[in-house]
Amino acid sequence: MSTCAPTRHDPPPRRPHPRRALGAKSPHAPPPAGGRRLRIGGADMSASITVFLIAVPMSLGLALAVGAPLEAGLVAAAIGGIVAGLFGGTPLQVSGPSAGLTVVTAELIQVYGWRTTCAITVGAGLLQILLGTLRAARNALAVSPAIVHGTLAGIGVAIALAQLHIMLGGSPQSSVWANALALPGQLSGIGPAAPLIGSLTIAVLLLWPRLPGRAGRTVRRIPAALASVVVATAVAAVTAPGLARVDLPSWRSHALPELPHGPVLALATAVFTVMLVASLESLLAAVAVDKLAADRTGEPTPPAPAAPSTASPAPASTTTVPPQRSDLDRELRGQGVANTLTGLLGGLPVAGGVVRGSANVRAGATGRASTVLHGVWVLLAAGLLVTVFEWIPLAALAALVMVVGVQMVSFAHIRNVHKHREFPVYAATVAGVVGFGALAGVALGVAVAVMVSLHRLGRTKITVTEQDGRHVVTVHGQLTFLAVPRLTRTLGQLPPGIDATVELDGFFMDHAAYEAIQTWRGTQLAQGGRIAFTGRSGSRIAEPAAAAHSCCRPWTPWRNHHCHDRRADNAGPTTGTLTSSDPGASPTPGAGRTGGAHRLRSGLSSFQRNTAPLVRSELARLASEGQRPSQLFITCADSRLVTSMITSSGPGDLFTVRNVGNLVPSPGTAPPGTVSAGTTPAGSGDDSVAAAIEYAVDVLRVESITVCGHSGCGAMQALLQGEPETGPEKPRTPLWRWLRHGLPSLERMASRRHSWARISGRLPADEVEQLCLTNVVQQLEHLRAHEAVARRLAEGTLQLHGMYFHVGEAQAYLLTEESSSGTGREEVFDRVGTGERERTGV
């Protein structure tokens with residue numbers, strides 16, 4: 001272990017967490033595995049019908065797009081809804097035939113035939129089950145978003161070009177380039193009926209969600225996909241009865257899979273491709289559906305819900321509910337089971353879809369019942385509505401799928417990848433998918449992403465300037481082995497024995513660069529040079545872990561501060577200090593004085609070297625303008641309590657008073673044994689804290705005063721143990737004369753007139769923590785008794801705050817405003833969260 005590891009202390013004893021209400025679960029936990037019983041509510045029933053009306057035309061259109069039997073789309077929709085809905089890890093996600101798999105499936109059908117394609121789907125499903133069992137789902141999301149969105153965009157381009165031929169009354173070609181080259185010939189022989197029906201379908205599909213007025217809001221409850229197909233079908237039945245329509249053959253002739261025939265490597269590649277595309281699309285859709293569900297749940301309760309819901313009512317508040325995260329490994333296994341069954345029953349490959357999933361969420365679904373019911377409705381429709389389906393024109397389905405393909409090329413995604421400077425990866429992936437297929441496109445995108453990363457790592461700018469006879473070498477960018485040749489060449493051109501400053505403006509340095517810099521530094525020092533290393537804006541380059549000084553950072557000298565001592569201790573046995581590697585040894589006489597002096601000098605040297613250059617201008621301004629703190633902070637002298645750290649404050653922000661037990665002596669009282677007749681006025685108290693309060697309130701005009709207690713306070717433990725015996729031979733010590741100011745807190749905790757202070761969400765761990773909390777409340781009462789404080793409180797220009805800091809948890813708690821002002825009946829400390837707005841000065 002590195003000698004720069006931070007000092008660790010024994011963790012506090014674990015306390016039982018507060019019991020949750022029955023059925024509640026952690027906000028970041030996967031959905032509970034138990035509870036297999038399917039509960040059907042009114043919201044799930046209505047949502048399932050909405051998704052069913054979207055899924056039927058989409059399933060038929062995608063089957064038409066890939067050249068598969070049309071009933072295969074209905075089989076996939078039914079199995080995806082029922083099986084993936086029951087076994088998947090995302091309850092609100094709806095699975096079915098996938099637009100992302102269209103190009104892959106169409107190519108497989110052309111090469112191997114439909115029955116072998118079904119067998120490949122079975123193999124892909126089994127592979128998904130294996131990967132889900134191995135918990136590899138999260139790793140799939142590690143792929144760059146530019147590659148994923150580029151893959152979907154390339155597939156969308158291929159879908160749109162192929163379906164354009166069908167919408168024009170023709171037939172699609174075998175590849176994207178063939179479709180593009182055949183398009184002029186298709187346009188020259190175009191007939192009027194199919195393009196008009198297709199154009200009508202697109203127009204209704206795009207304009208339906210934008211219908212205005214109250215009537216528009218009512219009509220918009222019908223899904224746009226269903227409305228466009230119904231309108232196109234009705235118009236075609238009247239104006240073009242001879243137009244090509246859906247032809248659903250008898251279920252008796254439905255094709256089932258057969259053993260695959262062909263080269264083993266090619267078949268394995270096909271199985272892997274189907275698995276990869278289906279898994280990526282399903283997992284990305286699961287994450288998107290999670291976000292939609294969280295946004296819907298976290299919104300303020302609307303005056304009138306858009307859809308009925310039977311979910312458990314949530315409190316009407318504007319706080320955002322933490323999103324429920326799907327069990328992605330379970331989702332991958334569920335998709336695998338669904339693909340295995342759909343392949344065995346002659347259906348298309350299935351995947352989770354954002355379109356169906358978002359429609360399910362927006363329709364008010366509360367659980368997986370809506371997904372399963374949608375599959376049941378598709379199954380019933382496949383057996384009972386065959387005659388109705390056969391009225392649908394092929395041009396309408398082609399137009400519907402073409403719009404889906406165009407929407408897969410998202411301009412929002414393009415802007416996002418361009419903003420993150422990953423557009424070359426996106427463009428290469430799109431070109432690869434369009435030109436060579438999905439798997440080749442993904443491989444090309446990964447290769448370009450690796451090259452872009454290497455280019456960024458190697459794009460390091462090194463400049464040399466001279467200021468007042470001192471050379472300044474500035475390194476912009478990351479220092480890796482790729483930059484070592486230019487770095488050594490630049491450093492080698494500098495004269496020997498010079499004074500130089502090396503300014504490292506980056507956040508990473510590998511071992512090769514570190515060795516090159518250290519070699520050059522050693523050569524310069526041997527020739528009488530003086531070399532200093534600095535970081536820009538206080539940043540520090542991460543060096544190899546073996547470097548002793550890598551663990552100290554300029555702005556946080558408290559973090560891993562023992563590395564200074566360890567470097568001195570490891571220098572040799574002559575230091576006279578106790579080394580950290582021998583915790584059981586006994587210090588030699590004088591070691592504490594030597595070690596303390598060294599630590600003081602080392603810490604001051606570290607400040608002058610690292611921190612002083614960064615704060616010098618700010619401290620100079622404060623020196624000229626004077627201090628104007630906004631807060632008086634009264635806290636304990638415990639060394640573990642770093643006030644500037646826990647309040648994120650800097651120089652000039654806090655006027656701090658620290659004493660044992662964060663006590664505020666009540667004015668006009670004196671601890672017994674401290675006043676002698678003829679020496680001190682009988683009514684005086686401890687003037688040190690009172691003087692600080694008066695100065696802060698009347699001279700500095702602070703806006704707030706905070707009394708801060710903390711966990712494990714030694715003063716509170718001493719009060720609970722009781723005062724040791726005293727007498728003429730054993731007088732009261734200064735520590736106990738001071739701790740007498742804490743006796744009112746002990747009496748308050750034992751009194752029945754006051755409710756016990758408590759922490760919101762849990763009870764105090766023990767009586768020590770209870771006294772720490774009570775002491776904060778009691779010292780606030782003492783504070784209000786001071787004349788200067790009472791006057792400012794009456795004017796309304798001063799606020800009082802109580803605070804408790806749990807050291808082991810690094811968690812702050814604030815006393816409620818009513819309790820801080822002394823008007824509340826209960827004394828509750830609320831937990832301060834990471835998204836808390838700045839409500840107080842603390």
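Rounding to the nearest 0.5 Å places CE of Met402 at 8.0 Å from CG of Leu168. Leu341 CG to Leu345 CG: the interatomic distance, rounded to the nearest 0.5 Å, is 6.5 Å. Atom CD of Glu331 and atom CD of Gln128 lie 9.5 Å apart (nearest 0.5 Å). Between the CG atom in Leu394 and the CD atom in Gln163 there is a gap of 10.0 Å [rounded to 0.5 Å]. Residue Asn360 holds its CG atom at 9.5 Å from OG1 of Thr366, rounded to the nearest 0.5 Å. Distance CG/Asp290 to CG/Leu328: 7.5 Å, rounded to 0.5 Å.
Within the 4.5 Å cutoff, the side chain of Thr151 has no heavy atoms near those of the Leu280 side chain. Counting heavy atoms from C-beta on, the side chains of Asn416 and His149 never come closer than 4.5 Å. At a threshold of 4.5 Å between non-hydrogen side-chain atoms, the residues Arg115 and Pro257 do not count as touching. Side-chain contact check for Phe389 versus Leu70: every heavy-atom pair is 4.5 Å or farther apart. When side chains are defined from C-beta on, Gln93 does not count as touching Thr371, because their heavy atoms never get closer than 4.5 Å. Put simply, the side chain of His374 does not reach to within 4.5 Å of the side chain of Ile54, judged on heavy atoms. Proximity of Ile197 to Leu243: side-chain heavy atoms (C-beta onward) are separated by under 4.5 Å at one or more points. Put simply, the side chain of Leu256 does not reach to within 4.5 Å of the side chain of Cys118, judged on heavy atoms.
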Stepwise side-chain contact (heavy atoms from CB on, under 4.5 Å) test for Met275 and Leu131: CA-CA 10 Å; Met275 180 278 302; Leu131 292 177; 3.5 Å; yes
Pair Ile392-Leu397, side-chain contact (heavy atoms from CB on, under 4.5 Å): steps then yes or no: CA-CA 8 Å; Ile392 302 175; Leu397 292 180; 3.8 Å; yes
Test side-chain contact (heavy atoms from CB on, under 4.5 Å) applied to Val219 and Trp208, step by step: CA-CA 8 Å; Val219 172; Trp208 193 263; 2.8 Å; yes
side-chain contact (heavy atoms from CB on, under 4.5 Å) evaluation trace for Ser48 with Trp377: CA-CA 8 Å; Ser48 69; Trp377 306 145; 3.0 Å; yes
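Looking only at distances, no side-chain donor or acceptor of Ser279 sits under 3.5 Å from a matching main-chain atom of Leu276. A donor-acceptor pair under 3.5 Å is absent between the side-chain atoms of Arg245 and the main chain of Glu390, judged by distance alone. At least one donor-acceptor pair closer than 3.5 Å links the side chain of Ser282 to the backbone N or O of Gly352.
Of the candidates Leu127, Thr340, Thr342, Thr340 is the only one forming a side-chain contact (heavy atoms from CB on, under 4.5 Å) with Val122. Shown are Val274, Thr105, Val104, Val66; of these, the side-chain contact (heavy atoms from CB on, under 4.5 Å) with Thr117 is made only by Thr105.
The two residues Gly96 and Arg356 make their nearest non-hydrogen contact at N-NH2, 3.2 Å. Between Gly73 and Leu348, the shortest heavy-atom contact is CA-CD1, 3.9 Å. Counting all heavy atoms, side chain and backbone alike, Gly347 lies closest to Trp114 at O-CH2, 3.7 Å. Ala236 and Pro393 get closest at one heavy-atom pair: CB-CG, 3.6 Å. Between Thr429 and Gly445 the shortest heavy-atom distance is OG1-CA, 3.2 Å. Summarising the geometry of Leu74 relative to Val378, their closest heavy-atom pair is O-CG1, 3.5 Å, with the distance given to 0.1 Å.
Ring geometry for His418 against Phe423 counts as perpendicular: the plane angle is over 60°, on a 0 to 90° scale with 30° as the lower cut.
Residues Asn339 and Thr121 bring no donor and acceptor atom of their side chains to less than 3.5 Å of each other. A donor-acceptor contact closer than 3.5 angstrom links the side chains of Gln335 and Ser95.
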